Amino acid sequence: MSARLVTVGREYFARDPVELGPLLLGAVLAYQSDEGPVAVRLSEVEAYRGVGEDPGSHAFRGETRRNAVMFGEAAHLYAYFTYGMHTCLNIVAGHPGTSAGVLLRGGTIVEGIELARERRAGASDRDLARGPARLAVAMGVPLSAGGSDLLAPPFSLVVAAEPVPFEHGPRTGISGPGGGAAFPWRFWIPGDPGVSPYRRHARSHA
DNA sequence: TTGTGGATGCTCT
DNA sequence: GAGCATCCACAAA
């Protein structure tokens with residue numbers, strides 16, 4: 001069931017995020033913290049385009065201090081803090097200046113599962129990295145790791161040697177014109193335990 | 001089992 | 001000052 005993995009160069013990630021998203025399914029992202037290594041096989045991602053193209057993107061309105069990383073080189077980590085308590089991880093895509101990225105929504109632990117269990121005490125194994133914020137917690141990636149090169153220690157990123165079958169649909173958690181079916185840029189591996197059925201519909205609010 | 005609503009604090013306007 | 005690329009607890013069925 002485990003697909004063959006290959007190392008790729010930075011140019012692999014310098015493409016449109018909507019194209020890159022499916023290619024990241026089955027990829028394995030590893031992070032070596034002081035406590036030890038944890039690796040996650042990605043099973044759910046979302047693509048975000050850049051300035052002026054994607055109302056759901058943090059970069060839609062232009063470069064700010066927070067999203068500056070997205071305007072840099074591909075295959076770097078864009079980490080941000082949201083909802084007062086959650087860290088989410090993105091992989092920067094496209095060429096410098098395009099401000100595109102792919103949000104890591106979920107995956108399964110393939111290495112360091114005991115460490116992940118400690119960090120996510122009380123969660124079942126398949127819940128360890130199911131959800132963007134949970135994934136960040138399970139891997140132990142701090143907000144301060146934002147801007148790191150994912151192709152160099154303490155990170156490593158390898159992708160599936162052959163494309164995996166995937167499905168796509170509306171992005172979740174986005175309100176307004178950027179949400180819903182207008183941008184069906186959420187990609188996942190059907191049947192994978194790392195995919196969450198969470199919030200099928202964006203929350204409607206008045 | 002599914003659905004609803006509140007918590008929480010950083011970031012941008 | 002308001003919004004937010006979420007998660008968890010609790011209620012209802």
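Please read these numbers as outputs of a predicted model, since none were measured by experiment.
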Original post:
What's in the same ILVMFWY side-chain cluster as A:F81, cut-off under 4.5 Å, chained through other members?
Top reply: A:L143
Original post:
With centres under 5.5 Å and planes under 30° as the test, does A:Y83 stack with C:dC4?
Top reply: yes
**OP:** Looking only at side-chain atoms of A:F81, point me to the closest of C:dA5, C:dT6, B:dG9.
**Re:** B:dG9
Using the side chain to side chain donor-acceptor pair (under 3.5 Å) criterion, which residues pair with [X]? Sequence neighbours excluded.
| X | value |
| --- | --- |
| A:E19 | A:R15 |
| A:E167 | none |
| A:R117 | A:D125 |
| A:R119 | A:S33, A:E35 |

Subject >> Within-4.5 Å side-chain heavy-atom neighbours: A:P17 and A:W185 >> reply: no
Original post:
Among residues 85-98 of chain A, which contact DNA chain C at a heavy-atom distance under 4.0 Å?
Top reply: A:H86, A:N90
**OP:** Using only side-chain N and O atoms of A:R130, determine if any of them is under 4.0 Å from OP1 or OP2 of C:dC8.
**Re:** no
Subject >> Residue pairs involving residues 87-142 of chain A (criterion ring-ring contact (aromatic ring centres under 6.0 Å, His included); sequence neighbours excluded) >> reply: none
**OP:** Sorted by first residue and then second, give each ring-ring contact (aromatic ring centres under 6.0 Å, His included) pair with at least one member in residues 147-171 of chain A; sequence neighbours left out.
**Re:** A:Y31-A:F155, A:F166-A:F187
**OP:** Sequence neighbours left out, what passes side-chain contact (heavy atoms from CB on, under 4.5 Å) with A:T7? Give chain and number order.
**Re:** A:V158
Original post:
Which residues in residues 57-72 of chain A have at least one heavy atom lying under 4.0 Å from any atom of DNA chain B?
Top reply: A:R61, A:T64, A:R65, A:R66
Subject >> Donor-acceptor pair present, A:Y80 side chain and C:dA5 base, under 3.5 Å >> reply: yes
**OP:** Scan residues 141-156 of chain A for pairs that pass salt bridge (charged side-chain N to carboxylate O under 4.0 Å, His left out), counting only residues two or more places apart or in two chains.
**Re:** A:R10-A:D149
Subject >> Nearest-Å distance for atom pair CZ/C1', residues A:R49 and C:dA5 >> reply: 17 Å
Subject >> Rounded distance (Å) that lies between atom P of C:dA5 and atom CZ of A:R134 >> reply: 18 Å
Original post:
So how far is it from A:L157 CG to A:L29 CG, rounded to the nearest 0.5 Å?
Top reply: 5.5 Å
**OP:** Under 3.5 Å for both distances, Watson-Crick or G-U wobble, that's the pair rule; now give the dot-bracket for DNA chain B, with | marking pairs to another strand and [ ] for crossing ones.
**Re:** |||||||.||||.
